[in-house]
Structures are given as C-alpha cells and as structure tokens.
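All of these numbers come straight from a predicted model, not from anything done at the bench.
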Amino acid sequence: MAYTPAPFHIISQNCRGLNAPEKRSHLLQDLKRHRVSIALLQETHLREVDTQRIQNKHYNTTYHSSHQTTRKAGVSILLSTTLQFTHSETLKDTEGRYIFVKGTIAQRTYTFASVYAPNVNQVKFLRKMLLNLATFTEGILTLGGDLNLPLDPIADTSTGQSTIAQAAIRRLRRTLHDLRLVDTWRALHPDSRDYTHYSTLHKQYSRIDYIFIQ
C-alpha cells in the first residue's frame with residue numbers, strides 16, 4: 001500500500017482479488033478507519049456486473065474497469081461521500097488495466113488514475129498508457145498503481161537488479177519526467193528502502209507500487 005499527502009487522504013492498493021465478501025468488507029472497513037478520501041485499487045478481479053459490491057454508504061461513488069471475459073486484472077477508483085465530487089469524464093480500457101476519472105471538488109479540477117500493469121511488456125504498456133493519460137488530464141493529477149516493475153532497481157529491490165532491461169526502464173523514467181510526474185514516496189524518503197512485493201521465483205523484494213503527482 002502506498003500513501004501520498006494531499007488536501008485529502010489518497011491510497012493506492014493492489015487488492016489481489018475482491019470476490020470474497022470478507023475481503024471486500026475488510027477493505028471498506030479499513031478505508032473508513034483510515035479516513036481515506038480516494039482509493040485507487042488494482043487487481044480487483046471483479047466482473048463489471050459485480051463492481052457494485054465494493055460500494056457502501058461511505059463510498060458510494062465508484063468507477064471501474066474490468067476484463068471483458070475473465071476475472072483477471074480489474075482496477076477501481078472509490079471516492080468518499082465526504083468529497084462532494086462532481087464527475088465530468090471517464091476513460092478506461094477493455095482489459096481492466098487502467099481507469100482515468102476527472103471532475104471537480106470544491107470548484108477545483110482533479111484527475112485520478114488507477115493502473116495495473118501486466119507482468120510482461122510493462123514498459124511498452126505503461127508508456128502508451130501515460131500518453132493517453134497526458135491527453136486526458138485536466139487540473140491536478142494523481143496516478144496510483146502497481147507497475148509490476150521497479151523504477152530504480154538499485155534503490156527499489158533487495159538485490160539491486162531487475163529482469164527488465166535498464167534501457168527500457170530509463171525510457172519509462174524519461175516519459176514520467178516529460179509528464180512532470182513525481183514518485184511521491186521516493187521524494188519524501190530519498191535514502192530509504194521499503195518494499196511492496198516479494199518474488200519467490202527471483203527471491204527478491206521490490207517496490208513496484210507507486211503514487212505519482214505532478
């Protein structure tokens with residue numbers, strides 16, 4: 001789970017499936033207990049017809065992208081009823097990999113994006129997604145998600161290595177830089193190490209979950 005400071009409280013979390021009622025209940029209770037204003041969720045595994053199951057009286061404004069034929073992937077954005085969000089536009093893919101939402105809060109325009117990158121061809125997917133997001137964005141942008149790669153293998157993995165080519169990661173970092181997107185956790189903790197994922201195959205801890213702001 002990643003956090004970013006803001007006028008409201010935003011989290012980004014890989015849920016690893018929300019089809020079990022107890023997992024949905026636990027998630028919604030956690031959001032309320034931590035007074036989360038906006039939740040950017042990944043890997044929900046929910047079909048489109050089931051997405052209303054992660055709504056309640058505290059989070060009744062929700063947006064979703066689901067895979068068209070299976071229960072894999074899935075991303076969502078949940079907004080607290082305290083926000084008084086006025087929606088203007090949504091853009092999502094058909095594979096449950098990203099969703100962008102924009103609108104106003106207190107007469108200020110915001111864009112929120114949740115992304116779940118595949119575990120192959122991550123850089124190609126992410127660069128294309130970011131270009132789509134740049135065209136869509138208005139106002140203040142917050143992007144959260146599971147990128148399925150470390151942006152800095154030396155600082156963000158326990159082994160200092162990545163299976164993804166360094167040249168490809170550098171191209172992705174350049175795209176983020178061109179869009180003025182900042183890794184908020186790294187900006188606040190420039191010399192720290194913390195991880196959000198463990199790979200049993202590679203016997204490696206890594207930080208692959210991020211929140212970016214412009």
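Judged by distance alone, with hydrogens and angles left aside, the side-chain atoms of His26 form no donor-acceptor pair with the main-chain N or O of Glu22 at under 3.5 Å. Judged purely by atom type and a 3.5 angstrom limit, Lys72 has no side-chain atom pairing as donor or acceptor with the backbone of Gly96. The closest donor-acceptor contact from the side chain of Gln122 to the backbone of Asn148 lies under 3.5 Å. Using modelled atom types, no side-chain atom of His45 and backbone atom of Asn19 make a donor-acceptor pair closer than 3.5 Å. Between the side chain of Thr142 and the backbone N or O of Ile213, no donor-acceptor pair lies under 3.5 Å. For Asn56 (side chain) and Tyr59 (main-chain N/O), a donor-acceptor pair under 3.5 Å exists by modelled atom type. Judged by distance alone, the side chain of Asp146 and the main-chain N or O of Asp209 form no donor-acceptor pair under 3.5 Å. With Tyr116 contributing its side chain and Leu41 its backbone, the two residues share no donor-acceptor pair below 3.5 Å. A donor-acceptor contact shorter than 3.5 Å links the side chain of Asp93 to the backbone of Tyr98. Formation of a donor-acceptor pair under 3.5 Å by the Ser65 side chain with backbone atoms of Val75 is not found in this model.
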Exercise for the section: Dump the intermediate steps for ring pair (Phe, Tyr, Trp, His ring centres under 6.0 Å) on Phe8 and Phe85, then the final yes or no. Expected result: CA-CA 12 Å; Phe8 25 74; Phe85 177 74; 9.6 Å; no
Problem - Evaluation steps, side chain to side chain contact (heavy atoms under 4.5 Å, CB included), between Phe136 and Thr111 - result: CA-CA 8 Å; Phe136 178 86; Thr111 298; 3.9 Å; yes
Handout entry: Chi angles and distances behind the salt bridge (charged side-chain N to carboxylate O under 4.0 Å, His left out) call for Asp152, Arg186
Key = CA-CA 10 Å; Asp152 183 349; Arg186 180 56 67 198; 5.8 Å; no
Exercise for the section: For side chain to side chain contact (heavy atoms under 4.5 Å, CB included), just list the numbers for Ile10 and Val36, CA-CA rounded to whole Å, side-chain angles, deciding distance to a tenth of an Å, and then say yes or no. Expected result: CA-CA 6 Å; Ile10 302 174; Val36 172; over 6 Å; no
Exercise for the section: Could you check Tyr205 against Arg193 for side chain to side chain contact (heavy atoms under 4.5 Å, CB included), going step by step and ending with a plain yes or no? Expected result: CA-CA 10 Å; Tyr205 291 95; Arg193 286 177 177 265; over 6 Å; no
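Atom CZ in Arg71 sits 13.5 Å away from atom NE2 in His67 (nearest 0.5 Å). For the atom pair OG1 (Thr61) and CD1 (Ile38), the distance works out to 11.0 Å, reported to the nearest 0.5 Å. Rounding to the nearest 0.5 Å places OG1 of Thr86 at 8.5 Å from CD1 of Ile105. Rounding to the nearest 0.5 Å places CD1 of Ile99 at 10.5 Å from CG of Leu40. Note: Gln214 CD to Thr137 OG1 = 6.0 Å, rounded to the nearest 0.5 Å. To the nearest 0.5 Å, atom CG of residue Asn121 and atom NZ of residue Lys124 are 6.5 Å apart.
Electrostatic pairing of Lys92 and Glu48 counts as a salt bridge here, judged by a charged N lying under 4.0 Å from a carboxylate O.
Residues passing the salt bridge (charged side-chain N to carboxylate O under 4.0 Å, His left out) test with Asp183, sequence neighbours excluded: Arg207. Partners of Lys102 according to the salt bridge (charged side-chain N to carboxylate O under 4.0 Å, His left out) rule, which considers only residues two or more places apart in sequence or in another chain, are Glu89, Glu138.
The closest side-chain heavy-atom distance from Thr62 to Ile77 is not below 4.5 Å. With contacts defined as side-chain heavy-atom distances shorter than 4.5 Å, the pair Ser76/Ile54 qualifies. At least one side-chain heavy atom of Gln42 sits under 4.5 Å from a side-chain heavy atom of Ser12. Considering only heavy atoms from C-beta on, Lys23 comes within 4.5 Å of Arg16 through its side chain. In this structure the side chain of Ile208 reaches within 4.5 angstrom of the side chain of Thr196, judged on heavy atoms. You'll find the side chain of Gln52 reaches within 4.5 Å of the side chain of Gln55, heavy atoms only. The side-chain heavy atoms of His87 and Val101, taken from C-beta on, include a pair separated by under 4.5 Å. Using a 4.5 Å cut-off on side-chain heavy atoms (C-beta onward), Ile140 and Arg108 make contact.
When the side chains of ILVMFWY residues are joined at heavy-atom separations under 4.5 Å, either directly or via intervening members, Leu141 and Val115 end up in a single hydrophobic cluster. Hydrophobic clustering keeps Tyr195 apart from Ile11 (ILVMFWY residues linked when any side-chain heavy atoms are closer than 4.5 Å, directly or through intermediates). Cluster annotation: Leu83 is connected to Tyr63 through the hydrophobic network of ILVMFWY side chains, with a link wherever side-chain heavy atoms come within less than 4.5 Å. Met129 and Val182 fall into different hydrophobic clusters, defined by Ile, Leu, Val, Met, Phe, Trp and Tyr side-chain heavy atoms under 4.5 Å apart, directly or through other members. Under the 4.5 Å side-chain contact rule for hydrophobic residues, Leu18 and Leu31 share a cluster.
A 6.0 Å sphere centred on CZ of Arg35 holds no more than 12 heavy atoms belonging to other residues, nucleotides or ligands.
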Check residues 167-181 and write down every donor-acceptor pair under 3.5 Å in which the side-chain atom is one partner and the other belongs to a residue at least two apart or another chain.
| residue | atom | partner | partner atom | Å |
| --- | --- | --- | --- | --- |
| Arg173 | NH1 | Leu151 | O | 2.5 |
| Thr175 | OG1 | Arg127 | NE | 3.0 |
| Thr175 | OG1 | Arg171 | O | 3.1 |

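A donor-acceptor contact closer than 3.5 angstrom links the side chains of His202 and Ser199. Checking Glu43 against Asn14 by side-chain atom types alone, a donor-acceptor pair falls below 3.5 Å. Remark: the Gln161 side chain and the Thr157 side chain contain no N/O donor-acceptor pair separated by less than 3.5 Å.
Considering every non-hydrogen atom in both Phe125 and Ala117, the closest pair reads CE2-CA, 3.7 Å. When every heavy atom of Leu27 is checked against every heavy atom of Gln13, the shortest pair comes out as CD1-OE1, 4.3 Å. Nearest heavy atom pair, residue Arg47 against residue Ser66, reads C-OG, 3.6 Å.
Remark: of the listed residues Pro150, Ser158, Pro153, Ser162, Ser158 is the sole one forming a side-chain contact (heavy atoms from CB on, under 4.5 Å) with Gln204.
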